[in-house]
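Reading through the structure tokens given below for one structure.
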Amino acid sequence: MPRIVGLLDKRIVVVTGKGGVGKTTVSLALGLAAARAGKRVIVCEVSSQENAARIFDRPPIGFNEVELRKNLWAISIDPDHSMREYLELQLPVKAMSDLLYKSRVFNYLAAATPGLREMVTIGKIWELALETRKKKRATPYDVVIVDAPATGHGVGFLQTPRTFAEIARVGPMSKQAARIDATLTDPNETGVAIVALPEEMPVNESAKLERDLIDDVGICVDAVYMNAVFPERFSKQEIKQIEAARGGADGSAEVALSAAVDQSRRAAAHREQLDRLRELVQTPVSELPYAFSPKLGPAQIQELSEAFDG
Amino acid sequence: MAESVWEMLDGKRICICAGSGGVGKTTTSAAIAAGMAARGKKVAVLTIDPAKRLADSLGLAELGNTESQVDPALFEAAGVDCGDGELWAMMLDAKATFDETVRKHAADDESRERILNNRIYQQISNALAGSQEYMAMEKLYEIYEEGRYDLLVLDTPPSRNALDFLEAPRRLLQFIEGRSMQLFIKPTGFGMKVLGRGTGVMFSVLKRITGLDLIEDLSEFFSAFSGMVGGFKERAEKVNELLAQDESTFLVVCGPADEPIAEAVFFHDKLEESGLPFGGVIVNKVHTEGRVQESEAQVAKELRACLDDQLAAKVAENLDDYRALAERDARNIVELSAKMSGVNVIQVPYLAEDVHDLEGLMEINGHLFADADEAVAVAG
């Protein structure tokens, strides 16, 4: 049974992993499980890909807090809107923040400052997680789940606040970045879940990601989810019978029998990768079942979320 | 009509494998490079993140920022006669390449040291979005210019979406150039006049938000870099020309599910728009098993003839799952072909095991180079 105890008791849950492992699916399923348990949850997408909107078959969500299901909210956080909101919160006079936001020079500076775009994005996540929101008339959330960007550049995203605090050194942004870094690295405030796939490279990369998160960022990892694991449908004895029957079969029966053999081979390969992952990481590994459905929709998220109910 | 990779790369000297993460781009790049080497070409594959076990099995455990050759004996052991073909590989190190570029092109020793020691430079050479992509291009151009290979295969950096790769170098250049910034960070000079009175206010607001040090570091960075901007721009333009020429081709690698397919179509359109040569699509991990015409009931009946009822039902149920995926993939590939009329689409089935040696790459090549081999066999 996947481990969830504790994870959803944190204020911020970062779901991370390499591209294509199912971070969005796992984030939404975790969100749904938490919402079912009575928590007010928001899932933050930061890639502007509107995956959550597509899965729930609705128009793009954008920089808005939108309720997908009871207590399950979603937002798509992009740097431009985050920057604008940040300026509005920082500068008491709206005319001034407007002036700044619209100025060409400011936009150059924003583009030129390493990590500033990522920084304001993380700043928005942090704002969502505050017990007293900075945004006017905004309701706080119990849990903020972050569907993190693919770990192409290592742990870059989570390191942003610290890097930024170091670059800027002084000033309000630096101070705030340091505060956000403190939240992200506090195991009582922030939980991290790594999503992996039962294939060689994703397993290696997940192990490396765990090490980097722990050693470089100083964040502890709460859960590792091996996603899309093939169930063991056939026993060894059954596979023997299937293999034997295959000899004499033809047509669709042969196709069906070889699909069964293929399934059992893959299930075995997945077990092997699961064992490897368990050996390579220090965090307990839970498995999530492969969804044999051709289309990913609310029903599949619902099904997956039940794996988190414990 | 699906051509083989051999035909797609006929007369090409640069092959860029593009696609979003998690679609097997690195393995495909390695397979293409190995396949072309096996057919007598001298090939180098440039990768960002080599699969460790694959690299190990190719004897490339110490892969660095220069090319190493895969031992020809490994090809022989796999039963492949390369003729004059050679396979070389290198791992792109963005930071090392950036440093090299600075060393090579800095105006003098002093500005070189100023750049290398600048904190903003240290951040961007490492972490700024776009630096990996830019440096991949830089390295590609450098090796191309040296002219030692028949073909270069570039495995593009992992990114959220395939487009990042095309746009990142431009963003990085824009940053390095920072023309308006230079005006701005000397608020008493020419910039002040151009930008008007509002600038003074803005500068003080910015200082309040970001802190003064940041602006000073940026100012230092731009002044140290200013002598190199021209060189960077010039090379970026040359790289753009290189990518747009007939000897280059982009292959889009994707998976068979709805989203990757949609993204491949999007990327294809974007390449055409940018005037870049598009060579074809390679769809990886296609579910090919379980394609049957008969109804569920018919299959179940046939299975009951050779298995006990309970097991027959289980096998039939498993087939349903397989069939659903196979049908979706087939449907998506038809749609893909329709949306990119006249484009080559090569399918690689979802292999039961991971590829981690030359034999595995050759197995993939059985699909990537399928038609070419038949043609050779017929000709022979």
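To find a chain, count down the sequence lines: A is the first, B the second, and so on, and within it residues start at 1.
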Is it the side chain or the backbone of [X] that comes within 4.5 Å of chain B heavy atoms, both, or neither?
X: A:Val255; answer: both
X: A:Arg233; answer: both
X: A:Arg54; answer: side chain
X: A:Leu257; answer: both
X: A:Leu197; answer: neither
X: A:Ala269; answer: side chain

| field | Six-ring centre of B:Tyr350, A:Arg266 cation under 6.0 angstrom, axis tolerance 45° | value | yes
Segment of [X] engaging chain A (4.5 angstrom heavy-atom cut-off):
X: B:Gln293; answer: neither
X: B:Asp258; answer: side chain
X: B:Asp308; answer: side chain
X: B:Arg323; answer: neither

Below 4.0 angstrom, N of the basic side chain to O of the carboxylate: do [X] and [Y] qualify?
X: A:Lys240; Y: A:Glu243; result: no
X: A:Glu88; Y: A:Arg84; result: yes
X: A:Glu199; Y: B:Lys285; result: yes

| field | Between A:Lys23 and A:Thr16, a side-chain donor and acceptor under 3.5 Å | value | no
| Looking at A:Ala244, A:Ala253, A:Ala177, A:Ser252, which has the largest count of heavy-atom pairs under 4.5 Å with chain B? | A:Ser252
| Among A:Ala256, A:Ala260, A:Gly20, which has the most heavy-atom pairs under 4.5 Å with chain B? | A:Ala256
| field | CG on B:Leu325 to NE2 on B:His287, rounded to 0.5 Å | value | 5.0 Å
| remark: dist A:Ile180:CD1 -> A:Leu158:CG (nearest 0.5 Å) comes out at 12.0 Å
| remark: Scored by heavy-atom pairs under 4.5 Å with chain A, the best of B:Asp320, B:Val315, B:Asp329 is B:Val315
| query | With a cut-off of 6.0 Å (strictly less than), are more than 12 heavy atoms of other residues, nucleotides or ligands near NZ of B:Lys314? | reply | yes
| Below 6.0 angstrom between ring centroids: does that apply to B:Tyr121 and B:Phe98? | yes
